[in-house]
Amino acid sequence: TLLCSPVPRVDIVLGKFLMVLTGSLSAMAFMLISTGASIAIGGTLALLFAFTGSILIPVKAVAVTIASLAASLGVLVFVFQDGHGAGLAGYTPLGGLDAIILLVAGTFAFGLSTDYEVFLLGAILEEHRAGAPTNTAVARGLQRSGRIITTAAALTRPDARCTKNG
C-alpha cells in the first residue's frame, strides 16, 4: 500500500531529484572553481615567465603566494569558524564560514599578492638590467617598490572598510 500512495512516492521522487540536483550543482561548482584556479595560476605563471624570462621565479612566486594564502585562510577558519579567541574579540562563532567568503578572500589575496610580486620583480629587474649586481638590484628594488606596495595596500584598506559597512 505504500507504493500505491501518491504522497510518499512524490516525496521520494522529489528527494531523489533534489539529491541529484544538489550533487550536480556541487560538481559544477567544483569544476568552476578548479577551472578558475587553473586559469589564474597558469596565467600567472605564463605572464611572469614572459616578464622575467625565468622558469624558477614564476614557480617560486606562485608557490609562496599559495602557501601564504593557505596560511591566511587557515587563520580565518581557526579564528572565525572554530572560535579561538572569541572571548577576547567579543563575538560568538557560528561554527562555519560561508564558502563565498573564502572564495572571494582567496581570489582577492591571490590577485594582490601577484600584483605586488610584479611590482617588486619589475623594480629588481630594472636595476639588474641597468648593470647592478644581483644583491644590489634586490636591495634597490625592495627600496623602490616598497613605497608603491605600501601605498597600494593603504588605498585598499578604506575600500575594504566601505565594503564591510555596506
Side-chain angles (χ1 to χ4, degrees), residues 22-86 88-89 91 93-164:
T22 303
S24 297
L25 290 176
S26 295
M28 287 177 11
F30 176 75
M31 288 301 296
L32 182 64
I33 291 170
S34 299
T35 303
S38 298
I39 290 170
I41 291 170
T44 300
L45 287 170
L47 289 174
L48 285 176
F49 173 73
F51 182 62
T52 62
S54 169
I55 294 174
L56 185 62
I57 291 174
V59 170
K60 186 254 348 154
V62 169
V64 169
T65 299
I66 290 173
S68 174
L69 189 58
S72 300
L73 295 178
V75 169
L76 273 176
V77 169
F78 183 77
V79 172
F80 294 108
Q81 180 172 319
D82 297 341
H84 295 90
L88 294 173
Y91 69 92
L94 298 174
L97 289 174
D98 194 1
I100 195 71
I101 291 173
L102 296 176
L103 183 64
V104 169
T107 304
F108 187 71
F110 185 82
L112 282 180
S113 179
T114 302
D115 194 32
Y116 296 160
E117 184 83 22
V118 169
F119 283 146
L120 178 60
L121 286 174
I124 293 171
L125 204 58
E126 188 175 319
E127 290 292 328
H128 194 268
R129 287 181 178 160
T134 303
N135 290 342
T136 306
V138 170
R140 288 181 188 164
L142 283 169
Q143 290 172 348
R144 286 184 48 210
S145 65
R147 279 180 263 146
I148 295 171
I149 292 171
T150 304
T151 303
L155 290 173
T156 304
R157 182 64 191 140
D159 184 35
R161 203 172 309 135
C162 292
T163 304
K164 180 182 78 172

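Everything numeric in this text was worked out from a predicted model, so none of it was measured.
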When every non-hydrogen atom of Ala105 is compared with those of Leu73, the smallest separation belongs to CB-CD2, 4.4 Å

CD1 (Ile41) and CD1 (Ile66) are apart, to the nearest 0.5 Å, by 4.0 Å

Taking every heavy atom of Gln81 against every heavy atom of Pro93, the minimum-distance pair comes out as O-CB, 4.2 Å

Shortest non-hydrogen pair, Leu103 vs Thr107, comes out as O-OG1, 2.7 Å

Value for OG1 (Thr52) from CG (Leu125), rounded to nearest 0.5 Å, stands at 7.0 Å

Do Thr134 and His128 come close enough that some side-chain heavy atom pair is under 4.5 Å? yes

- Measure the shortest side-chain to side-chain distance between Leu76 and Leu102 over non-hydrogen atoms and say whether it is less than 4.5 angstrom. yes

Minimal heavy-atom distance between Val138 and Ile124, with the atoms involved, is CA-CG1, 4.0 Å

Taking every heavy atom of Leu69 against every heavy atom of Phe110, the minimum-distance pair comes out as CD2-CB, 4.3 Å

Treating Thr150 as the side-chain partner and Gly146 as the backbone partner, does any N or O pair qualify as donor plus acceptor under 3.5 Å? yes

Closest non-hydrogen atoms of Ser54 and Pro58, given as atom of the first, atom of the second and distance, are O-CD, 3.0 Å

Exactly one candidate in Val62, Val118, Thr65, Ile39 meets side chain to side chain contact (heavy atoms under 4.5 Å, CB included) with Thr44; the answer is Val62

Value for CD1 (Ile149) from CZ (Arg144), rounded to nearest 0.5 Å, stands at 11.5 Å

